[in-house]
Amino acid sequence: MTHREPARGRAQRKQDVLEHLEKDTDAWVSTASADGVPTLVPLSFVWDRETLLMATRRTNPTAVNVTPTGQARIALGTTRDVVLIEATAELIEGADLPAGSGEAFAAKLGWDLRGRSAWVYLRFTPYAVRAWREENELAGRELMTDGRWLE
């Protein structure tokens, strides 16, 4: 297979991932129920330099799944520009959300869910991040392990 672009180094991949996190609006979020039933949904997000903040109805499977397992996988980009994030997840009531986080969410996404009891926020803290474009970037795709960016 011929590659159009040379493989990016770790520093460039990290920069590209951070750009996705800052500029992208939506991500695919995967969770599983306590008995292992998977759920995959698109959710809008805001990146605050350490966590992804999303929201969903409290009765949706994603919110329900976060409570017992505390784990999620998140995907950004396309199949030719993959960012996979493994994260711990926590459910946050709108009243408990820091004001700055709620304002950032509303400003970026154009809707404010604070005070709407049917909705909850989900905060995802990455502990592993992998990124690649083509087969030539599979080696070295790990950018974060144990919650720390690799140098």
Side-chain angles (χ1 to χ4, degrees), residues 8-133 137-138 140-151:
R8 297 168 294 167
R10 183 174 283 138
Q12 183 63 52
R13 288 189 210 197
K14 178 182 174 184
Q15 181 179 340
D16 293 346
V17 166
L18 292 172
E19 185 172 318
H20 271 293
L21 289 166
E22 288 291 334
K23 294 182 178 181
D24 289 6
T25 302
D26 302 314
W28 287 101
V29 179
S30 175
T31 59
S33 67
D35 59 350
V37 177
T39 299
L40 178 66
V41 297
L43 293 175
S44 297
F45 74 93
V46 171
W47 172 249
D48 75 358
R49 300 181 189 262
E50 293 181 12
T51 63
L52 294 101
L53 183 65
M54 303 182 193
T56 190
R57 290 189 180 275
R58 73 175 59 251
T59 56
N60 284 350
T62 301
V64 173
N65 293 348
V66 161
T67 304
T69 66
Q71 299 294 307
R73 289 198 173 137
I74 300 164
L76 304 173
T78 67
T79 58
R80 299 288 178 175
D81 189 9
V82 178
V83 177
L84 288 180
I85 299 169
E86 293 183 46
T88 56
E90 64 179 309
L91 189 139
I92 302 170
E93 297 293 337
D96 298 331
L97 188 70
S101 296
E103 290 161 12
F105 189 91
K108 180 177 181 183
L109 303 174
W111 42 294
D112 191 347
L113 301 172
R114 293 173 289 183
R116 297 173 78 183
S117 62
W119 293 77
V120 292
Y121 289 92
L122 304 172
R123 178 174 287 141
F124 297 96
T125 303
Y127 62 83
V129 175
R130 295 184 299 279
W132 69 93
R133 288 188 177 151
E137 288 193 354
L138 290 176
R141 65 184 172 241
E142 292 82 14
L143 301 179
M144 176 189 282
T145 58
D146 298 323
R148 293 191 178 117
W149 291 103
L150 301 174
E151 298 301 320

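As the structure is a computational prediction, the values presented were derived from the model and not from experiment.
Between Val129 and Pro126 the shortest heavy-atom distance is CG2-CB, 4.2 Å. Of all heavy-atom pairs between Phe45 and Met54, the closest is CB-CG, 3.6 Å. Contact between Thr31 and Ala72 at its shortest, heavy atoms only, is CG2-CB, 3.9 Å.
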message: Could you walk me through whether Thr62 and Asn60 satisfy the side-chain hydrogen bond (donor to acceptor under 3.5 Å, both in side chains) test, starting with their C-alpha distance in whole Å, then the side-chain angles of each, then the deciding distance to 0.1 Å, before giving a yes or no?
response: CA-CA 6 Å; Thr62 301; Asn60 284 350; over 6 Å; no
request  = Go through the steps for Leu76 and Trp47 under the test side chain to side chain contact (heavy atoms under 4.5 Å, CB included), then give the verdict.
outcome  = CA-CA 12 Å; Leu76 304 173; Trp47 172 249; over 6 Å; no
For Arg133 and Arg13, what are the C-alpha separation, side-chain angles and deciding distance, and is it a side chain to side chain contact (heavy atoms under 4.5 Å, CB included)?
CA-CA 10 Å; Arg133 288 188 177 151; Arg13 288 189 210 197; over 6 Å; no
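Note: Leu84 CG to Trp28 CH2 = 14.0 Å, rounded to the nearest 0.5 Å. Annotation: the span from Glu151 atom CD to Arg10 atom CZ amounts to 8.5 Å, rounded to 0.5 Å. Here the straight-line distance linking atom CD of Glu93 with atom OH of Tyr121 works out to 11.0 Å at 0.5 Å rounding. Considering CD of Gln71 and CG of Asn65, their distance stands at 12.0 Å, rounded to 0.5 Å.
A salt bridge links Glu86 with Arg73: the distance from a Lys NZ or Arg NE/NH1/NH2 to an Asp or Glu carboxylate oxygen falls below 4.0 Å. At a threshold of 4.0 Å, the pair Asp146-Arg148 does not count as salt-bridged, since none of the basic side-chain nitrogens sits closer than that to a carboxylate oxygen.
Screening Thr25, Asp24, Thr56, Asp26 for a side chain to side chain donor-acceptor pair (under 3.5 Å) with Ser44, the sole residue that qualifies is Asp26. Checking each of Lys108, Arg116, Arg114 against Asp112 for a salt bridge (charged side-chain N to carboxylate O under 4.0 Å, His left out) leaves exactly one that passes, namely Arg114.
Inter-residue side-chain proximity for Arg123 and Leu97 is flagged as met; some heavy-atom pair is nearer than 4.5 Å. Between His20 and Asp81, some side-chain heavy-atom pair lies under the 4.5 Å cut-off.
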